[in-house]
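Read the structure below first, then the notes.
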Amino acid sequence: MTSYPAPAPSTESGAGYKLLALFLSLVVLIMGFFGLWLAISAQHASDDAHRAATRTGTPTTASAGGSMAGMDMSSTSAATGVATPSFAGAAPANADALAMAHAAYPAALPAAPAGPVANVHLGISHDVLQIAPGVKYETWTFNHSVPAPPVHVRVGQLVKVTLTNNSPMPHSVDFHAARIAPNVAFTDIAPGATKTFEFKANDPGVYMVHCGTAPVLAHIANGMYFAIVVEPAGLPKADKQYVLVSSEWYLNSDGLKTPASLDMVKAEQVNPDWVTWNGYAGQYKTHPLTADPGDTVRFWVVAAGPSLDTTFHVVGTLLNRAWINADMTDAPQHDIQTALVPAGGGGVFDVKIDQPGLYPFVSHQFASVALGQVGLLNVGDAKGTMSH
Ligand SMILES: [Cu+2]
């Protein structure tokens, strides 16, 4: 046993005991305050829980009407600091029929324009769109679509952007493919205004484009993003090329009867209700992308987020070529099982599948699959379906 010397008894014992008594009473006082603080915190937590519980099943609809509803709701929700309940997977009884009737977002890479100039016209508006079978959402869009249709240019082309704001609030556009002063090119434009800027597409890859107006979290979460492919010369030939944009959605209601809008608390907490390829949950399960056996299929992938990364994986094969981070100035890596596409980043992936079948493409962060981020590549007109 270690023995410590006993405190030397004070020769001025009276003063020593008074000091000790003072110290002990201070400790008691501090503990008392701490206890009081704990009790108050517990009461607040209980109130919050009660508020959350009373909102369950009757989501707040402070957003009724008004195209700024998403913004209004976000401030209301953020002010109380309480997220609405989860609406993950909410679906009407006829969800399967609605999924079949849904016109899938065209994933095929469009042709790049000929000549030295690529004109890109972007109209901003606020539109109610479906993000899952029967689930309506008050989106903010470029060209009335989430994502906006992809843009395809070739390295060396001059990209001339014309941005028109047809919405009732300021917005902007930020091209990750551009090397340009953002305080000039990416500034907000007022409702009704138009601006133009241009940049030379010198860096090959696939890039995110998004609205950069504050709070960017809200503008991206509401749907303001798309992909631009800057194709270099001399790529290996691809038989099929598809553009996939991943993103997640944060809903303040289930969106079944009236459109949902943004729950900013859920967005801040990265607690999504839906995660999608090209803006609509599971659309390529009911409307698979297609290829023939032996085709080289090239996926141009962007993770729009706003906050989730995508770990790109094709079930049943490997990524024969993988341009990680969409860095196409260097040679691709080969035979990768899963490739990270970070939020705000891209990746380019070739697969070559000889055996006919249904090959799911997913983010291997499987929470995202559970919330809708899964599609099928049908090789060789295979029959049936495949869940994953
Ligand atoms: Cu915006």
Side-chain angles (χ1 to χ4, degrees), residues 63 65-78 105 120-131 136-151 159 161-178 180-197 199 207-228 245-252 255 259-268 270 272 274 276 278-280 302-308 343-345:
S63 60
S67 43
M68 299 267 292
M71 192 56 100
D72 292 342
M73 190 54 213
S74 68
S75 54
T76 308
S77 187
Y105 176 101
V120 176
H121 293 276
L122 298 172
I124 295 168
S125 56
H126 293 181
D127 305 289
V128 172
L129 297 178
Q130 295 215 11
I131 63 162
K136 297 179 282 293
Y137 188 95
E138 295 188 29
T139 63
W140 300 347
T141 66
F142 295 109
N143 295 348
H144 304 291
S145 170
V146 178
V151 171
V159 181
V161 179
T162 304
L163 180 68
T164 303
N165 188 351
N166 302 310
S167 86
M169 61 182 284
H171 290 288
S172 58
V173 70
D174 172 336
F175 280 78
H176 288 192
I180 193 170
N183 60 313
V184 177
F186 300 163
T187 51
D188 290 358
I189 63 167
T194 293
K195 81 178 288 181
T196 60
F197 63 90
F199 66 92
Y207 296 87
M208 182 176 178
V209 187
H210 64 92
C211 177
T213 298
V216 180
L217 175 60
H219 287 251
I220 295 176
N222 278 338
M224 301 190 76
Y225 47 80
F226 60 98
I228 180 171
V245 177
S246 66
S247 60
E248 75 272 12
W249 299 87
Y250 306 93
L251 275 58
N252 70 344
S261 56
L262 177 64
D263 186 313
M264 192 64 165
V265 174
K266 281 185 187 172
E268 288 165 349
V270 195
W274 296 96
T276 56
N278 291 342
Y280 187 100
V302 159
S307 298
L308 286 186

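Read the numbers this way: they start at 1 and go in the same order the structure lists the ligands and their atoms. Please read all numbers here as calculations on a predicted model, not as lab measurements.
Side chain to side chain, Ser125 and Asn166 fail the donor-acceptor criterion of an N or O pair below 3.5 Å. When only modelled atom types and interatomic distance are considered, Asn143 and Ser145 share no side-chain donor-acceptor pair under 3.5 Å.
The side-chain heavy atoms of Phe226 and Val151, taken from C-beta on, include a pair separated by under 4.5 Å.
At a cut-off of 2.8 Å, Thr213 does not coordinate the Cu ion (ligand 1) through any N, O or S atom.
Within His171, the N/O/S atom positioned nearest the Cu ion (ligand 1) carries the name ND1.
Between Met224 atom SD and His219 atom ND1, the angle centred on the Cu ion (ligand 1) amounts to 110° (nearest 10°).
In this structure a side-chain-to-backbone donor-acceptor pair under 3.5 Å is missing from Asp188 to Pro170.
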